[in-house]
Amino acid sequence: MVNHIIISLSLVALSFGLLAFAFEPSPLQDFCVADSTSSARVNGLVCKHPASVVADDFSFSGLHVPGNTSNPNGSRVTLVTVTQLPGLNILGISMVRVDYAPWGINPPHTHPRATEILTVIEGSLQVGFVTSNPDNNLITRTIKKGDVFVFPMGLVHFQRNVGTGNAVAIAALSSQNPGVITIANTVFGSNPSVSGDILAKAFQVDKSVVDQLQTKF
């Protein structure tokens with residue numbers, strides 16, 4: 001009996017050891033600047049050789065420039081992820097600037113790999129997120145210059161400019177590559193298209209409504 005317990009405990013310890021070996025959540029070196037020229041497939045991006053790393057790998061310029069909001073949503077997101085700033089690779093953080101025309105929206109979307117914390121730089125925003133099934137509670141409020149709001153990882157969230165002038169926000173995200181899934185684009189603009197019959201039943205509308213929406217995305 002004692003031997004069986006010892007063997008079981010050993011197997012558990014071995015399992016945890018293998019898990020730790022398979023996934024290391026913390027960087028094991030000072031940095032790993034992304035090498036965009038490599039074709040290797042890894043969970044992240046391949047590191048440049050440290051000898052070829054330069055200050056530009058850790059610097060980005062442009063968040064002072066207003067984004068062009070002349071689009072149907074009336075908003076523009078300027079990204080600073082690992083794609084724009086190679087030095088972010090393995091560091092688990094990124095940021096964005098969001099510009100909003102009067103009554104412009106950053107439409108309902110999710111970040112599958114990141115929590116987001118947003119602060120208003122100019123203007124006033126209505127912000128909110130919806131909790132997961134089955135409750136689907138809407139958590140929302142209006143925030144002003146200097147206010148901060150958090151959107152939990154993976155939850156559908158949005159922002160809307162509720163002022164008469166332009167608004168600007170800066171957000172930080174807990175991933176070098178947070179990803180974004182814009183709900184309307186994903187559902188109605190997939191390639192190839194999701195069957196109209198499926199979407200009509202899911203949204204409880206006539207298929208002609210779905211057909212019309214799919215032409216917009």
Side-chain angles (χ1 to χ4, degrees), residues 15-16 19-20 22-26 43-44 71-83 88 91-100 103-120 124-144 147-162 167 169-217:
S15 297
F16 278 110
L19 180 61
F23 176 66
E24 173 55 60
S26 301
N43 186 25
N71 57 68
N73 290 325
S75 69
R76 178 68 64 187
V77 178
T78 302
L79 299 172
V80 189
T81 68
V82 69
T83 301
L88 289 177
L91 299 185
I93 193 170
S94 58
M95 66 187 303
V96 300
R97 168 182 172 140
V98 191
D99 289 272
Y100 312 82
W103 296 102
I105 65 167
N106 191 4
H109 62 281
T110 73
H111 300 295
R113 295 180 289 276
T115 293
E116 176 181 350
I117 183 168
L118 176 145
T119 184
V120 178
S124 299
L125 298 175
Q126 179 192 5
V127 298
F129 63 86
V130 180
T131 64
S132 55
N133 296 346
D135 296 330
N136 302 128
N137 289 329
L138 173 62
I139 309 295
T140 184
R141 74 180 308 167
T142 297
I143 59 175
K144 301 175 293 185
D147 293 343
V148 173
F149 197 83
V150 172
F151 305 106
M153 181 186 296
L155 296 187
V156 176
H157 59 283
F158 63 89
Q159 303 107 41
R160 176 174 66 163
N161 182 1
V162 292
I170 295 289
L173 301 107
S174 60
S175 171
Q176 68 189 39
N177 183 24
V180 60
I181 301 171
T182 306
I183 306 305
N185 300 57
T186 302
V187 173
F188 297 109
S190 66
N191 185 22
S193 299
V194 177
S195 169
D197 294 332
I198 293 174
L199 295 181
K201 190 166 187 177
F203 285 91
Q204 297 294 291
V205 297
D206 189 87
K207 184 175 177 296
S208 62
V209 176
V210 172
D211 292 340
Q212 182 182 10
L213 288 169
Q214 287 181 321
T215 64
K216 296 180 181 297
F217 296 95

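Since this is a predicted model, take the numbers as computed values, not measurements. One is the number of the first residue; the rest follow in order along the sequence. Just so you know, these numbers use all the heavy atoms, side chains as well, and skip hydrogens, waters and symmetry mates.
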(Q) Any heavy-atom pair between the side chains of Val120 and Val127 that's under 4.5 Å? (A) no
**Q.** Separation between CG of Asp99 and CZ of Arg97, rounded to the nearest 0.5 Å
**A.** 4.0 Å
Q: Considering non-hydrogen atoms only, spot the tightest contact between Ser94 and Thr81 and give its length.
A: CB-CA, 3.9 Å
Q) Are any of the side-chain heavy atoms of Phe203 and Val187 separated by less than 4.5 Å? A) yes
Q: Would you give the length of the straight line joining atom CD of Gln159 to atom OG1 of Thr142, rounded to the nearest 0.5 angstrom?
A: 12.5 Å
Q) side chain to side chain contact (heavy atoms under 4.5 Å, CB included) between Arg141 and Asp147: does it pass, once the steps are laid out? A) CA-CA 11 Å; Arg141 74 180 308 167; Asp147 293 343; over 6 Å; no
Q | Candidate list Val80, Val82, Leu173, Leu88, test side-chain contact (heavy atoms from CB on, under 4.5 Å), partner Ile93, passing option | A | Leu88
(Q) I'd like to check Thr110 versus Ile183 (side-chain heavy atoms, cut-off strictly below 4.5 Å). Are they in contact? (A) yes
**Q.** Side-chain donor/acceptor of His111 to backbone N/O of Gly154, under 3.5 Å
**A.** no
Q. Counting N and O atoms only, with roles assigned by atom type, does the side chain of Ser175 sit under 3.5 Å from a partner on the main chain of Asn177, one being a donor and the other an acceptor?
A. yes
Q) Going through the checks in order, is the side-chain hydrogen bond (donor to acceptor under 3.5 Å, both in side chains) test met by Asp206 and Ser208? A) CA-CA 5 Å; Asp206 189 87; Ser208 62; 2.7 Å; yes
Q) Does a side-chain heavy-atom distance below 4.5 Å link Ile105 with Asn161? A) no
Q.
Are the side chains of Lys201 and Asp197 in contact, using a 4.5 Å heavy-atom criterion?
A. no
Q) Should Ile143 and Leu118 count as side-chain neighbours, where that means a heavy-atom distance under 4.5 Å? A) yes
Q: List the atom of Phe149, the atom of Phe129, and the distance in Å for their closest heavy-atom pair.
A: CE2-CD2, 3.8 Å
(Q) Please give me the minimum heavy-atom distance between Val98 and Val77, naming the atom from each residue. (A) CG1-CG2, 4.1 Å
Q: Kindly give the heavy-atom pair with the smallest separation between Pro107 and Phe158, and that separation in Å.
A: C-CB, 4.3 Å
Q: Show the numbers, then the answer: is there a side chain to side chain contact (heavy atoms under 4.5 Å, CB included) between Ser124 and Lys144?
A: CA-CA 4 Å; Ser124 299; Lys144 301 175 293 185; 3.6 Å; yes
Q: Could you tell me whether the side chain of Thr131 and the main chain of Asn137 form a donor-acceptor pair under 3.5 Å?
A: yes
Q. Is the backbone N or O of Met153 less than 3.5 Å from a side-chain atom of Thr115, with the two atoms forming a donor-acceptor pair by type?
A. yes
Q. Any salt bridge between Lys207 and Asp211, counting N to O under 4.0 Å?
A. yes
(Q) Could you check whether any side-chain N or O of Asn73 sits under 3.5 Å from a backbone N or O of Ser75, counting only pairs where one atom can act as donor and the other as acceptor? (A) no
(Q) How long is the straight-line distance from CZ of Arg113 back to OG of Ser174, given to the nearest 0.5 Å? (A) 11.0 Å
Q.
If you define the side chain from C-beta out and look only at heavy atoms, does anything of His109 sit under 4.5 Å from His157?
A. yes
Q.
Restricting to non-hydrogen atoms, name the atom on Val194 and the atom on Ser190 that form the minimum distance, rounded to 0.1 Å.
A. N-OG, 3.1 Å
Q: For residues Leu91 and Gln176, report the shortest heavy-atom separation together with the two atoms involved.
A: N-OE1, 3.7 Å
